[in-house]
Amino acid sequence: MTETLLFTLPLEREMDVAAARQSARHIAEMLGLEPRGQTRMATAVSEVARHAVQHGGGEARLLLLGAPQPAFCAVIRHHAPSPAPPSARPGGPLSGIEAAQRLADLVHQDVLPGGERQIRLTILLPPRAAAPPPEEIIRRLRTEQIADPHRALYEQNIELVRSLDELRQRQEEMVRLNAELEDTNRGVVALHAELDERAEALRRASELKSRFLSNMSHEFRTPLNSILALSRLLLERADGPLTAEQEKQVQLMRRSAENLMEMVDDLLDLAKVEAGKVTLRPAVFSVAEMFGGLRASLRPLQPNAAVELTFDDATGLPPLHADEGKVAQILRNFVSNGLKFTQAGTVRVSAALEGETMVLTVADTGIGIAPEDLERVFDEFSQVESAQVAGGGRARHKGTGLGLPLSRRLAELLGGRITVESRLGEGSVFRLCLPLGLPVQPDLASLAPAGAASVLVIDDDESFRYVFRQWIGELGYPVIEASGGREGLAMARAALPRAIMLDLRMPDFDGFAVLRGLAEMPETRAIPVVIATASVIDAGLQAMLPPGAILLPKESLGRDAIARALRRILPGMEEGAQA
Ligand code: ADP
């Protein structure tokens, strides 16, 4: 790398600092740097030069480096050993060298063998053909007497004024931007308030709709019930004989009333779900048995011999802990839709376990649903065009467009979801995906009636909860669960379970805290607790537990151990609950 010395300056007095600054600026200008670049270079050099003047003086050498990376370099060397510049406090002024470090591309500090400090700052230059050769720069520096300190000070002042002006402009720009931001902010706040208002209005409207639906449905049910009862009386010939024609008419009346009743029931259900008034009745049940019940109740719906309704074998699947009535209601709706919209082929009901999720599927070979309608079928009262046009499926069967929206709400309530896949003309597959165990209800009080006969498992470890759910479920007890101590204590107080399976080591609120909480209230004090723990069970641990607590080491946990422990605390279990 070529290195050409351009200029050497003494650094003895304050005026030399101005001269160094001026020389650096002049060189920068000759090298073709823009005004801002010139100021940067001049300021970096003068800051380091001032440090030398203040610490016993020194000398500045200004150099030009050639290829491969052209650069300007200032080497400032102190005459005598000098202290390192103090580093700036946050928010305080920068020392000269720190300022230079921010301005130059490279700053290198050395302490020479005699203790003198040498600082080398480098500013990289853009490769530029326009710069004059180094000899020319040297010549001009000499002849133009740049070292005139008065002129240097004058130019420095002009530069300062220019910088101040630029600063003022920036500040004005900031003030304007700030005002703009404030305006935007005010707009956003106003928009928020408006959205809040709208959300509140929507919520009120939805509440009114639910209340209206619920009231109307109740009002409809009374006259419908009397039509059904009267038509039954007529068909039973309680008041004398009917002609064949009259019988047909009464049967038609009765069927219409039944259809209407079904619609009213759907409406009432939907209103109840929306108003949050549905109480779940969780229980452990087998999918195979539920299929058996569905098969019997759905057979009469089968419209013609060309459509076959089949149920796959579901034995061997783990039991579900959910509200059986609601699960069956959803599947019944899938199947009755399948039968409605299939003219020939099959409607097939099946179940499979996917991880911790039970997937209940109803697949048909019917008219299918167009892709753009797949989401719309879950909107209330929506019946899609494709179904109305294709195959005449809809022409024969009336519906309300409420079945699927209601099913979706119920599935959500059960902690699950519904998915659909369909192809126009080929058929549809509706799936209900449910967790094996019911999720914890946000409204704990709603668990009370069902929880009263159940076993509460409090464990932060998902896999242990799963194991307990399986084994205790098999013993015939519904299981309710909490994944933490605080939540578990709240559930125990709300649901008053028959027994509690408690883990000791849980974050935040551990088993000991749960035990203390249970002991505080007379209703929960008497609930028997089985402590399932991975800790070493020694005398120390036992001393910390209430007398009579049953300890179950987690490593030897098994179906029999749990059965034995539960049998000790729930004496009636053998007769009543053994599955
Ligand atoms: P309903 O059956 O009372 O009309 P649903 O909410 O159960 O109301 O269904 C909404 C609409 O979704 C139906 O009217 C129909 O257009 C479409 N649909 C539902 N299930 C199927 C299916 N298995 N095959 C084709 N279309 C279906």
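In listed order, ligands and their atoms are each counted from 1. Here the structure is a predicted model, which is why all the values come from computation and not from measurement.
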Heavy-atom distances under 4.0 Å are what count here, so tell me which part of Leu402 touches ligand 1: side chain, backbone, both or neither.
-> backbone
Pro405 heavy atoms, cut-off 4.0 Å: which ligand 1 atoms fall inside?
-> 6 (O)
Under 3.5 Å, N or O to N or O, is Gly403 touching ligand 1 that way?
-> yes
How does Phe430 reach ligand 1, if at all, at less than 4.0 Å between non-hydrogen atoms: by side chain, backbone, both, or neither?
-> side chain
Quick one: does Gly368 get a heavy atom under 4.0 Å from ligand 1?
-> yes
Exceeds 12 heavy-atom contacts within 6.0 angstrom, atom CZ of Phe509 = yes
Any side-chain heavy atom of Val359 sitting closer than 4.5 Å to one from Leu353?
-> no
So for Asn333 against ligand 1, with non-hydrogen atoms under 4.0 Å, the contacting part is side chain
Do Arg176 and Glu180 meet the salt-bridge criterion of a basic N to acidic O distance under 4.0 Å?
-> yes
Derivation of the side chain to side chain contact (heavy atoms under 4.5 Å, CB included) call for Ile562 and Leu552 | CA-CA 8 Å; Ile562 291 184; Leu552 213 58; 4.3 Å; yes
Just heavy atoms, cut-off under 4.0 Å: does Ile369 contact ligand 1 by side chain, backbone, both, or neither?
-> side chain
Separation of Gln251 CD from Glu258 CD (nearest 0.5 Å) = 10.0 Å
Side-chain heavy atoms of Leu360 within contact of Arg431, under 4.5 Å | no
Ligand 1 atoms nearer than 4.0 angstrom to some heavy atom of Lys340 are 1 (P), 2 (O), 3 (O)
